[in-house]
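So the structure is just underneath, and the comments pick up after that.
Bear in mind that the values here come from a model prediction, so they are computed numbers and not experimental data. Each residue takes its place number in the sequence, starting with 1.
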Amino acid sequence: MNELLSAELKAYIDENQDTLVKLLDTLCRIPSPSNHEELRAEFIRDWYEKEGCKGAYVDSALNVIYPYHCDGKNDLVAFSAHIDTVFPDTEPFDVIYDGDIMRCPGVGDNTSNLAIMMLLASWITNHGLVPKQGILFVASSGEEGLGNLKGVRQVMKDFEGRIAELVALDGSYNSLVNGAVGSLRYRVGVHTEGGHSYGKFGNLNAIQVLSSMIDTLYDYKVPAPGKSTYNVGTITGGTSINTIAQYAEMRFEYRSDVRESLADMNRYFLSVIDAYRNMDKVEIELELLGERPCTGDVDAEKQGALEKKALDIIEAYTGKRVKTESGSTDCNIPLSVGVPAVCFGGHMGVGAHTREEHLNVKDLHLGMTIVAAFMMTYFN
């Protein structure tokens, strides 16, 4: 696969690893929690402008879109790298170096892939490469948690019918995501009469009712086919140690990589909610916080060709055929509407979604090379 990279591009990757690390460092220090990506989005747009990538803009969902040779074309490929992190912090992070180890929350997921995409987009632009089809470079918002894939949803809406395939640059180059894990996420609130723990002993306790509901939900045997899971992530409620709780709530999610299995889980969940709503002196609140779709009807030949290309390129540079798996990524939305999509990345970080997240900067050279080789298949 070496022929995919010109001598000039190989030299650029070799000579600009310090540039990549500096850009990654800068991006890491810009807070970007899901649904509050404004600062990072503004930086990315301005960076593109300074690099000569004209026409980059921030859309209504806080994506940064850089269209490249897209005018009048309806077979676009979208490269997306999400700009949000799972961390709620609105103050800048510190980036800590320990030799070749770079430590910062979000450094791998997904700031490293964002930096790689930005540098390659700049190189492609400034060398005047002409693609076989139009390219959208998308720094996407809302990929994590309750961001609910808002960014890629907006892209698929704004470019409806024009995107032929999407490649999410996320994660590492030791696996390939080729299927969508769907999910439903709810807030469930329980109201009861409550009262003084001694004087009103015997009144219904919202915490106890919620606990009973959770036990019922956990009695469920997950369906086949596919992999399905469920989880109570948080529980809050109550007033004091000597108060029968009037209110308690939880956040509950269930996931599956098969649409029918996800639908079965939804039916069971809603039947449990209905049963508790029928209890005397109990009121149940139900709020849908997030919904991510499973894979829909995708052309098997086109999807297979996209997967094979990615697997072949990764194998050519790493020497191994990596596994394929389902995941919850920017790919969910295109796959759900029949648009081929895959996801892989350019780092080998450790500790994603923890404050101990780190990566070895030396791994970024191979990662950037793999991503560049894949991108070059879209050029003559």
Side-chain angles (χ1 to χ4, degrees), residues 4-6 8-9 41-42 44-83 113-114 116-143 149-170 296-310 313 329-343 371-380:
L4 291 177
L5 293 184
S6 65
E8 193 172 11
L9 179 50
E42 290 172 5
I44 296 166
R45 179 199 58 203
D46 293 346
W47 184 92
Y48 273 137
E49 184 70 22
K50 291 174 184 176
E51 290 290 310
C53 301
K54 304 300 182 183
Y57 63 93
V58 179
D59 71 9
S60 60
L62 298 180
N63 294 306
V64 186
I65 310 291
Y66 173 41
Y68 188 71
H69 287 258
C70 292
D71 289 347
K73 296 181 180 178
N74 294 318
D75 61 343
L76 310 180
V77 56
F79 288 98
S80 73
H82 71 84
I83 67 176
N113 289 308
L114 173 63
I116 287 171
M117 184 185 76
M118 290 167 64
L119 285 179
L120 289 174
S122 173
W123 187 89
I124 288 167
T125 300
N126 287 298
H127 285 76
L129 272 63
V130 178
K132 302 173 187 177
Q133 60 199 97
I135 294 178
L136 291 173
F137 293 103
V138 181
S140 63
S141 62
E143 192 274 345
L149 302 178
K150 69 173 183 181
V152 71
R153 288 179 195 272
Q154 190 66 47
V155 172
M156 295 302 295
K157 178 182 177 182
D158 290 347
F159 293 88
E160 185 175 0
R162 297 183 63 197
I163 295 177
E165 54 190 36
L166 182 142
V167 179
L169 301 175
D170 193 358
D297 298 321
V298 184
D299 185 291
E301 185 176 348
K302 292 179 179 179
Q303 177 68 22
L306 183 61
E307 292 173 17
K308 184 178 184 303
K309 179 168 66 172
I313 289 172
T329 69
D330 272 352
C331 294
N332 281 52
I333 304 304
L335 286 173
S336 73
V337 295
V339 174
V342 294
C343 174
V371 174
F374 187 89
M375 282 189 179
M376 287 303 102
T377 66
Y378 293 91
F379 294 86
N380 294 311

Can you sort out the partners of E160 under side-chain contact (heavy atoms from CB on, under 4.5 Å), two or more places apart, ordered by chain and number? none

Check whether any side-chain heavy atom of I333 lies under 4.5 Å from a side-chain heavy atom of L166, and answer yes or no. no

Residues A372 and L9: closest non-hydrogen pair is CB-CD2, 4.1 Å

Looking at every heavy atom in both C53 and S122, which two are closest together, and how far apart are they? SG-CA, 3.8 Å

Counting only pairs under 3.5 Å, give me each side-chain donor-acceptor contact of residues 130-139, with atom names and distances, residues two or more places apart or in other chains.
unit_1 : atom_1 : unit_2 : atom_2 : d
K132   : NZ     : T377   : O      : 3.1
Q133   : NE2    : D75    : O      : 2.6

Do E51 and T125 have side chains that approach each other closer than 4.5 Å (heavy atoms only, starting at C-beta)? no

Flag the pair L5 / M376 as yes when at least one side-chain heavy-atom distance between them is below 4.5 Å, and no otherwise. yes

Heavy-atom side-chain proximity of L129 to W123 below 4.5 angstrom: yes

Minimum side-chain heavy-atom gap V167-M375 below 4.5 Å: no

Pairwise side-chain contact, Q303 with D299, heavy-atom cut-off 4.5 Å (strictly under): no

Looking at Y68 versus Y378, is the centre-to-centre ring distance below 6.0 Å? no

Separation between OG of S140 and CD of Q154, rounded to the nearest 0.5 Å: 12.5 Å

Heavy atoms, side chains only, cut-off 4.5 Å: are F79 and L120 in contact? no

Could you tell me the separation between the CG atom of L114 and the CG atom of L119, rounded to the nearest 0.5 Å? 9.5 Å

Quick check for you: to the nearest 0.5 Å, what is the distance between H82 atom NE2 and C343 atom SG? 8.0 Å

K73 atom NZ, neighbour heavy-atom count above 12 within 6.0 Å: yes

Side-chain H-bond candidate by donor/acceptor type, D170 with T329, under 3.5 Å: no

Provide the closest heavy-atom pair for A168 versus D330 in the form atom of the first, atom of the second, distance. CB-CB, 4.1 Å

Shortest non-hydrogen contact from L62 toward I83: O-CD1, 3.7 Å

Nearest non-hydrogen partners of C70 and R162, listed with the distance: O-NH2, 2.8 Å

Less than 4.5 Å apart, any side-chain heavy atom of K309 and any of V342? no

S141 backbone acceptor or donor facing N63 side chain under 3.5 Å: yes

